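These numbers come from a predicted model, not from an experiment.
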Amino acid sequence: MDRYLVFGHPVRHSKSPFIHTLFARQTQQELEYGLVEPAVDEFAQALRTFFDQGGKGCNVTVPFKEQAFTLVDRLSPRAKRAGAVNTIKLTDDGVLLGDNTDGAGLVADLKSHGVTLADSRILLLGAGGAARGALAPLLAELPSELVIANRTHTKAQQLAAEFHDLGPVTAQTYEQLAGPFDLVINSTSASLQGELPPLVPALIHTDIAIYDMMYGASDTAFISWAKQHGARQTMDGLGMLVEQAAEAFTVWRGIRPGTKQVLRELKRNLGVI
């Protein structure tokens, strides 16, 4: 049976085995999916061992995405742009192909919620790996402007300069931000600590769409804050998790699974519904 797994540290909380098991059942694919939590300095060896022992593909999560970028034989265009790899496939000719499905998952989830990206003004909070992976897919949807804001402004400037050839992307300090924005995406990990990006409440209005890449059994701190200030459409990153997994499954198996029922099952599993 074909073997897949996810590498991360920590990774025991991962819902990827649950998601991919449902995808396999839905598409009638014979595979098994597990997880491995190598020590931070043992990822390269663990990755080699997995493929040497017949592994077909894997997902890679924190903190190994940048390291995976350097360990594969070939990179997809979107992995090159993202500077990180979250999906690896062993091709038929024995090549390890590195891909990045995070941005595609984000865009797919936004569209599933009816969010219009074309001609919209988007604010992206954060300039780390999550933001980097999202930029090219977001700019491919032809927004009127994409503004990056980050606590360390120079990082936002560097990221905007790197992606400027793909569309109208700029960097601003939090103090410089002026609305209206149609969509705000929080790519920072602040919600994991119950913290908030330093946004002024005046940026929130009733027609804005709010997206937090983090997720949990209840609203994240950012989503709660946005709701308190009048945002009516708020979304967390659970749908992105499922959509990026569907993209990875497609890379591996050549068949795209449906995501709606799997997302419903995942929410039940987490106690969200």
Side-chain angles (χ1 to χ4, degrees), residues 1-8 11 14-36 47 50-61 64-65 68-69 71-82 84-115 117 130 133-134 136-138 140-141 213 215 235 237-270 273:
M1 184 177 289
D2 290 346
R3 292 174 54 234
Y4 298 85
L5 51 76
V6 57
F7 287 97
V11 79
S14 174
K15 295 301 179 183
S16 292
F18 181 85
I19 293 168
H20 284 286
T21 297
L22 291 181
F23 283 161
R25 189 179 305 159
Q26 177 196 121
T27 57
Q28 298 181 314
Q29 297 285 298
E30 292 288 329
L31 62 87
E32 59 181 28
Y33 189 107
L35 51 81
V36 174
L47 186 70
F50 171 66
F51 283 107
D52 286 345
Q53 294 178 349
K56 293 295 186 179
C58 65
N59 290 126
V60 182
T61 189
F64 300 129
K65 292 183 184 183
F69 182 88
L71 295 174
V72 296
D73 302 314
R74 194 166 72 227
L75 293 164
S76 71
R78 56 190 179 185
K80 286 181 183 177
R81 271 292 185 178
V85 161
N86 80 330
T87 299
I88 301 175
K89 175 184 179 179
L90 180 66
T91 67
D92 292 339
D93 54 355
V95 169
L96 287 185
L97 172 65
D99 202 352
N100 190 302
T101 65
D102 286 332
L106 169 64
V107 169
D109 192 36
L110 285 166
K111 289 183 175 180
S112 76
H113 284 94
V115 177
L117 298 173
L138 285 171
E141 297 298 318
M213 289 189 186
Y215 64 88
M235 300 150 279
L238 197 60
M240 176 181 171
L241 175 68
V242 174
E243 294 290 350
Q244 67 81 22
E247 187 77 9
F249 192 93
T250 306
V251 169
W252 294 328
R253 310 299 293 185
I255 182 170
R256 187 166 193 91
T259 55
K260 290 183 179 180
Q261 181 60 37
V262 172
L263 180 57
R264 282 194 293 269
E265 292 295 330
L266 180 58
K267 286 181 177 179
R268 288 194 190 96
N269 180 262
L270 289 170
I273 57 175

Check for a donor-acceptor pair, side chain of [X] on one end and backbone N or O of [Y] on the other, with a separation under 3.5 Å.
X	Y	result
Asp109	Met240	yes
Lys89	Val251	yes
Gln53	Phe50	no
Arg74	Leu97	no
Asp99	Thr87	no

Could you tell me which non-hydrogen atom of [X] sits nearest to which non-hydrogen atom of [Y], and how far apart they are?
X	Y	answer
Ala134	Met213	CB-CE, 4.0 Å
Asn100	Ala82	ND2-CB, 3.6 Å
Ala108	Glu243	CB-OE1, 3.7 Å
Arg78	Ala104	NH1-CB, 3.8 Å
Leu270	Lys15	CD2-CE, 3.3 Å
Val36	Val11	O-CG1, 3.5 Å

Measuring from [X]:[atom1] to [Y]:[atom2], what's the distance to the nearest 0.5 Å?
X	Y	atom1	atom2	answer
Phe69	Leu75	CZ	CG	5.0 Å
Thr91	Asp73	OG1	CG	8.0 Å
Asn86	Asp102	CG	CG	4.0 Å
Arg253	Thr250	CZ	OG1	11.5 Å
Thr21	Gln29	OG1	CD	13.0 Å
Leu266	Phe18	CG	CZ	6.0 Å

- Determine, step by step, whether Leu35 and Ser16 satisfy the side-chain contact (heavy atoms from CB on, under 4.5 Å) criterion, reporting the C-alpha distance in whole Å, the side-chain angles of both residues, the deciding distance to 0.1 Å, and the verdict. CA-CA 8 Å; Leu35 51 81; Ser16 292; over 6 Å; no
- Item | Side-chain donor-acceptor contact under 3.5 Å, Thr101 with Glu247 | no
Within a strict 4.5 Å, meaning less than it, do heavy atoms of the [X] and [Y] side chains meet?
X	Y	result
Leu71	Leu96	no
Glu141	Lys111	yes
Leu241	Tyr215	yes
Val60	Val6	no
Lys267	Leu238	yes

- Task: Count the heavy atoms of every other residue, nucleotide or ligand shown that sit under 6.0 Å from CG of Asp92, and state whether that count exceeds 12.
- Result: no
- By salt bridge (Lys or Arg N to Asp or Glu O under 4.0 Å) - contacts of Arg3 (at least two apart): Glu32
- For Tyr4, enumerate each residue passing the ring pair (Phe, Tyr, Trp, His ring centres under 6.0 Å) test, keeping only those at least two apart in sequence or located in another chain. Trp252
- Message: Tyr33: which residues meet the ring pair (Phe, Tyr, Trp, His ring centres under 6.0 Å) condition with it, sequence neighbours left out?
- Response: His20
- Phe249 ring center near Phe23 ring center (under 6.0 Å): yes
- Begin with the C-alpha distance, continue with both residues' side-chain angles, and end with the deciding distance and a verdict on side-chain contact (heavy atoms from CB on, under 4.5 Å) for Leu22 and Gln261. CA-CA 9 Å; Leu22 291 181; Gln261 181 60 37; over 6 Å; no
